[in-house]
2 protein chains.
Amino acid sequence: MTSLMKTTFGEYIRLLRNENELTLTQLAAKLDLDSANLSKIENGKRDFDEKRLPKLARIFKLKLTELRDEYVTDQIGKHIYETNCTKQLLEVAEEKAEYRRTLNKSLQTQ
Amino acid sequence: MTSLMKTTFGEYIRLLRNENELTLTQLAAKLDLDSANLSKIENGKRDFDEKRLPKLARIFKLKLTELRDEYVTDQIGKHIYETNCTKQLLEVAEEKAEYRRTLNKSLQTQ
DNA sequence: TAAGACTTGTCATTATTTGACAAATTTAAA
DNA sequence: TTTAAATTTGTCAAATAATGACAAGTCTTA
């Protein structure tokens, strides 16, 4: 795994956009998105729609898998934040995810 | 923290219901919910609506805070599972949650 | 085999998210 | 400053997702 950003996904997009010297309008057009809405996304007032990840990856020549990791960790991080989930509880959540995986496995074998 | 269940929230409700020898119909009535939908909840085909946690706590004489922990860890566990988030990525997600907390703090002071 | 318990499917209703556009406000160059 | 581009904010209709309700099915078990 390459190092992931300790920022929100919106801030990450802004970073990419600035590095590539694009305006909101220019990037929004490439993403087939309204520039006003892209502004809200960068400012954390809306979520980036997952279906646009492939486009975003192409525009900035990023690996889709890494971009998706960036996205997923942002989403779960947001979930953790919004529910005030402590580290301790997060461990429980991870165990429960593991439990769901075993449930799914046993379903497969039937 | 008392020990939390390594089950889904639906399975946990079913456990509570069976311990207390209630039928789906009986518990559903207490929760002001359709028994068919409660069945789906117990079987993981629908989510339990968070707004009913206080009722659920009263019915089974549980502490709301602990029940909420059970609920939150289930929801985040589900999120982790559904996004195939690895332990490694989960650490990143936790860092991002932490980052959001600092963002929020600095917002407060302004 | 009948009654109660539970499950599944469907659909209208409700809530949430997204897209779109107008109208600010901010920024920065002239 | 003034002005044009860039960005932000507000609003609302449309799309999407979640929930409630009910009918009809299957599964126990007495």
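Every chain is numbered from 1 and lettered A, B, ... according to where its sequence line falls, protein lines coming before strand lines.
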Judged by modelled atom types alone, do Y99(A) and E11(B) share a side-chain donor-acceptor pair under 3.5 Å? yes

Is it true that the side chains of N104(A) and Y81(B) contain a donor and an acceptor less than 3.5 Å apart?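 Yes - a donor-acceptor pair under 3.5 Å links their side chains.
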
Could you go through the salt bridge (charged side-chain N to carboxylate O under 4.0 Å, His left out) check for K96(B) and E91(B) one step at a time? CA-CA 9 Å; K96(B) 289 186 179 184; E91(B) 283 177 37; over 6 Å; no

Counting primed atoms, P, OP1 and OP2 as sugar-phosphate and everything else as base, the B/S/- map of nucleotides 11-30 of chain D against protein heavy atoms under 4.0 Å is B-------BBBBB-------

Nucleotide [N], atom [atom2] - distance to [atom1] of [X] in whole Å:
X: L31(A); N: dT18(C); atom1: CG; atom2: C1'; answer: 15 Å
X: I41(B); N: dC6(C); atom1: CD1; atom2: P; answer: 14 Å
X: N18(A); N: dA6(D); atom1: CG; atom2: P; answer: 13 Å
X: E42(B); N: dT7(C); atom1: CD; atom2: C1'; answer: 11 Å
X: L22(B); N: dG4(C); atom1: CG; atom2: P; answer: 18 Å

Quick one: is [N] close enough that its OP1 or OP2 comes under 4.0 Å of any side-chain N or O from [X]?
X: N43(A); N: dT8(D); answer: yes
X: R17(A); N: dT7(D); answer: yes
X: K45(A); N: dT8(D); answer: no
X: S39(B); N: dT7(C); answer: yes

Can you tell which of dT7(D), dT8(D), dT9(D) lies closest to the side chain of R14(A)? dT8(D)

Under a 3.5 Å distance rule, please check whether [X] uses its side chain to pair with a backbone N or O of [Y] as donor and acceptor.
X: R100(B); Y: E82(A); answer: no
X: E21(A); Y: N18(A); answer: no
X: E66(A); Y: K63(A); answer: no

Could you tell me whether D47(B) and K78(B) have a side-chain N and a carboxylate O separated by less than 4.0 Å? yes

Indicate yes or no: does R101(B) engage E98(B) in a salt bridge with an N to O separation below 4.0 Å.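 E98(B) and R101(B): salt-bridged.
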
Note: contacts of residues 71-79 of chain A with DNA chain D (heavy atom, under 4.0 Å) are none

Once you apply a heavy-atom cut-off of 4.0 Å, does T23(B) come out as touching a base, just sugar-phosphate, or nothing?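 Here T23(B) touches the backbone only, sparing every base.
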
Anything under 30° is parallel, anything over 60° is perpendicular, the rest tilted; go ahead and classify H79(B) against H79(A). tilted

